[in-house]
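The first residue in the sequence is number 1, and the count goes up from there. The figures here come from the full heavy-atom set of this structure, side chains too, leaving out hydrogens, waters and symmetry mates.
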Amino acid sequence: MTAIQLIASFVATGRLHGVGIGSTLSEVDQAIRSDFIDVVDESGLSLRRDYGFVEFYFNPGPEWVMSGGSIELHRLASGYERAEKWRQNMNVHYPQYLTWKELREELSRIPDLPPLTVKDQGGFLEYRAAATKVSVIVNDDHEERDDWVGHGDVWSVSLG
């Protein structure tokens, strides 16, 4: 599966590599085989698991339970080695940049795709699938690509 197909599936289903809101930390451990850093807040009421450009957020209980997550694609513009590590561990190749046009084209192939609403976020556009709780944030300024994403590039895809 390509990264574009995986992201389109994430938008359509709210699940990334089979995990999503309500998944336990142990289920995430089984699904995601890559190095990470865990950050627990001072009060112990939230956990952020950071894989470099993919993050998951958890709430405590008898076991940590996922409350959201994100694919921070903008981090690949200046730190593409993160994508290479993910490819080695998860067998998914992410591009350094992903345009909304490319993702929108892939989304058009998905039958019964939940409707997307668009909202201006001041320099960004948010395309939200409310049914799956996934938002695609797209850079809407007029900057050129360099060590940062350019106009029309996907900034992030988030769940929650």
Answer yes if [X] and [Y] sit in the same cluster of Ile, Leu, Val, Met, Phe, Trp and Tyr residues linked by side chain heavy atoms under 4.5 Å apart, and no otherwise.
X      : Y      : value
Ile137 : Tyr94  : no
Leu103 : Val149 : no
Tyr57  : Val54  : no
Ile21  : Phe10  : yes
Val39  : Ile32  : no

- Message: Under a 3.5 Å distance rule, please check whether Asn139 uses its side chain to pair with a backbone N or O of Gly150 as donor and acceptor.
- Response: yes
- Task: Determine yes or no for a side-chain-to-main-chain donor-acceptor pair under 3.5 angstrom, with Thr13 supplying the side chain and Ser9 the backbone.
- Result: yes
Which value, rounded to the nearest 0.5 Å, describes the distance between [X] atom [atom1] and [Y] atom [atom2]?
X      : Y      : atom1 : atom2 : value
Ile71  : Ile7   : CD1   : CD1   : 4.5 Å
Leu98  : Ser156 : CG    : OG    : 11.5 Å
Asp153 : Glu143 : CG    : CD    : 11.0 Å
Ser46  : Phe58  : OG    : CZ    : 11.5 Å
Leu16  : Ser70  : CG    : OG    : 10.0 Å
Glu72  : Arg82  : CD    : CZ    : 10.5 Å

Side-chain donor-acceptor pair present, [X], [Y], cut-off under 3.5 Å:
X      : Y      : value
Asp147 : Ser78  : no
Glu105 : Ser108 : no
Arg128 : Thr117 : no

Could you tell me if the side chain of [Y] sits less than 4.5 Å from the side chain of [X], heavy atoms only?
X      : Y      : answer
Val136 : Glu126 : no
Ser23  : Phe56  : no
Val92  : Arg87  : no
Pro60  : Leu47  : no
Val65  : Asn59  : no

Kindly give the heavy-atom pair with the smallest separation between [X] and [Y], and that separation in Å.
X     : Y      : result
Pro95 : Leu76  : O-CD1, 3.6 Å
Ala12 : Leu113 : CB-CD1, 3.8 Å
Val11 : Thr132 : O-OG1, 2.7 Å
Glu63 : Leu25  : OE2-N, 3.9 Å

- Task: Sequence neighbours left out, what pairs pass salt bridge (Lys or Arg N to Asp or Glu O under 4.0 Å) with at least one residue falling in residues 90-101?
- Result: none
- Message: Test: salt bridge (Lys or Arg N to Asp or Glu O under 4.0 Å). Region: residues 22-47. Which pairs qualify, not counting sequence neighbours?
- Response: Asp29-Arg49, Asp35-Lys85, Asp38-Arg49
- Item | Crowding at CG, Leu45 (>12 non-hydrogen neighbours, <6.0 Å) | yes
- Query: Has Glu144 got more than 12 heavy atoms of other residues, nucleotides or ligands less than 6.0 Å from its CD?
  - Reply: no
- Message: Working note: Val154 + Leu73, criterion side chain to side chain contact (heavy atoms under 4.5 Å, CB included); need CA distance, chi angles, decisive distance, verdict.
- Response: CA-CA 7 Å; Val154 176; Leu73 292 168; 3.6 Å; yes
- Message: Quick check with a 6.0 Å cut-off and a 45 degree axis cone: is Arg145 positioned over the face of Tyr97's six-membered ring?
- Response: yes
- Task: Evaluate the side chain to side chain contact (heavy atoms under 4.5 Å, CB included) criterion for residues Trp148 and His74: first the C-alpha distance (whole Å), next the side-chain angles of each, then the deciding distance (0.1 Å), finally the verdict.
- Result: CA-CA 7 Å; Trp148 220 236; His74 63 94; 4.1 Å; yes
- Message: Show every ring-ring contact (aromatic ring centres under 6.0 Å, His included) that has at least one partner inside residues 121-140, sequence neighbours left out.
- Response: Trp100-Tyr127, Phe124-Trp155
- Is a salt bridge present between Arg109 and Glu106, judged by a nitrogen-to-oxygen distance below 4.0 Å? yes
